[in-house]
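Notes follow the structure.
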Amino acid sequence: MIIIMLGAPATGKGTVASILSKRLNVPQLSTGDLFRKNISEKTELGIMAEEYISKGNLVPDEVTINMIIKRLNEDDTKNGAILDGFPRTIPQAEALDKFLADKNIKIDMVLNLTTPEEEIIQRVVTRRVCSNPHCKTIYNTKLNPPKIEGICDKCGSKVITRKDDNVEAIKTRLKQYFKLTNPLVDFYDKKGVLTTEEVSEKINRMGKDVAEDIAQKLLKK
Ligand code: AMP
């Protein structure tokens, strides 16, 4: 099963992907997490990627494509994956199409999440994440703070603010999203695999609500 998470930053892709991963029993592959792991381990890839990520820019296609294809060839993804944050450009989507076509695998769903822009900015500045790469629980200082400030409820590790979760970087990330990633909505709509869901406090529908509905839908298939 291949599910692609699409949507601007902080629309809830990570939250939805993590719930779907558990409910459908397929791994969540987050390019952002893979980059952050490389950054914390100070690998060559991480040092290079940090230059782009800290400013809110996309990492070049070639590097990103090679990294995810390598990951998709690992054994645990043989029954599928939830792609969280990839593809983010048309060339990335084309490279993924080629990889999947070679293996005769089809895309089950592209889940496109939308959130009003002012809510995105608010969410980014209040977002906190567990620093433990095996946990990665997402918190929000307003809506869903950890019980003890700065400590993850689930694993006890430090809860931190991502380096690119600041107003300046999010503005760049949003610009990049509309220029480079949003064209994928049309790209996948034309293939007939797109499902769009709004995630917003305004309609009282958050990531976990969307994830539950989509999991039910996919499990019934
Ligand atoms: P995320 O955790 O998905 O918000 O990703 C964090 C950052 O990693 C993004 O703002 C980009 O700088 C970089 N990144 C993640 N996925 C990709 C991708 N598919 N292509 C290029 N850059 C990416």
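Residues: numbered from 1 along the sequence shown. Counting convention: from 1, in listed order, for ligands and their atoms alike.
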> Does the pair Lys208/Glu212 count as a salt bridge with the N-to-O cut at 4.0 Å?
Replying inline: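 Here Lys208 does not pair with Glu212 in a salt bridge, since their nearest N and O are not under 4.0 Å apart.
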
Tell me which donor-acceptor pairs under 3.5 Å the side chains of residues 109-117 have, and how far apart each pair is, sequence neighbours excluded?
| from | atom 1 | to | atom 2 | distance (Å) |
| --- | --- | --- | --- | --- |
| Asn112 | ND2 | Thr196 | OG1 | 3.1 |
| Thr115 | OG1 | Val199 | O | 2.8 |

> According to the salt bridge (Lys or Arg N to Asp or Glu O under 4.0 Å) rule, which pairs have a member within residues 192-201, sequence neighbours left out?
Replying inline: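 As it turns out, the salt bridge (Lys or Arg N to Asp or Glu O under 4.0 Å) pairs with a partner in residues 192-201, which skip direct neighbours, are Glu197-Arg205.
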
Could you go through residues 98-106 and list every donor-acceptor pair under 3.5 Å that involves a side-chain atom there, pairing it with any protein atom two or more places apart or in another chain?
| from | atom 1 | to | atom 2 | distance (Å) |
| --- | --- | --- | --- | --- |
| Lys98 | NZ | Asp102 | OD2 | 3.2 |
| Lys103 | NZ | Asn73 | OD1 | 3.1 |
| Lys106 | NZ | Asp108 | OD2 | 3.1 |

> Stepwise, does the side-chain hydrogen bond (donor to acceptor under 3.5 Å, both in side chains) test hold for Thr161 with Arg128?
Replying inline: CA-CA 5 Å; Thr161 305; Arg128 301 291 181 271; 3.3 Å; yes

>> I need the single residue from Leu58, Ile65, Leu83, Ile68 that forms a side-chain contact (heavy atoms from CB on, under 4.5 Å) with Thr31. Which is it?
In response: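 Per the side-chain contact (heavy atoms from CB on, under 4.5 Å) rule, the option paired with Thr31 is Ile68, out of Leu58, Ile65, Leu83, Ile68.
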
Could you go through ligand 1 and list every pair where one of its N or O atoms sits under 3.5 Å from a protein N or O, giving the atom names and the distance to one decimal?
| from | atom 1 | to | atom 2 | distance (Å) |
| --- | --- | --- | --- | --- |
| ligand 1 | 2 (O) | Arg36 | NH1 | 3.0 |
| ligand 1 | 2 (O) | Arg36 | NH2 | 2.9 |
| ligand 1 | 2 (O) | Arg162 | NH1 | 3.2 |
| ligand 1 | 2 (O) | Arg162 | NH2 | 3.4 |
| ligand 1 | 3 (O) | Arg88 | NH1 | 3.0 |
| ligand 1 | 3 (O) | Arg88 | NH2 | 3.1 |
| ligand 1 | 4 (O) | Arg88 | NH2 | 3.4 |
| ligand 1 | 4 (O) | Arg162 | NH2 | 3.0 |
| ligand 1 | 12 (O) | Asn57 | O | 2.6 |
| ligand 1 | 16 (N) | Thr31 | OG1 | 2.8 |
| ligand 1 | 16 (N) | Gly85 | O | 3.3 |
| ligand 1 | 16 (N) | Arg88 | NH1 | 2.8 |
| ligand 1 | 19 (N) | Gly85 | O | 2.8 |
| ligand 1 | 19 (N) | Gln92 | OE1 | 3.0 |
| ligand 1 | 20 (N) | Gln92 | NE2 | 2.9 |
| ligand 1 | 22 (N) | Val59 | N | 3.0 |

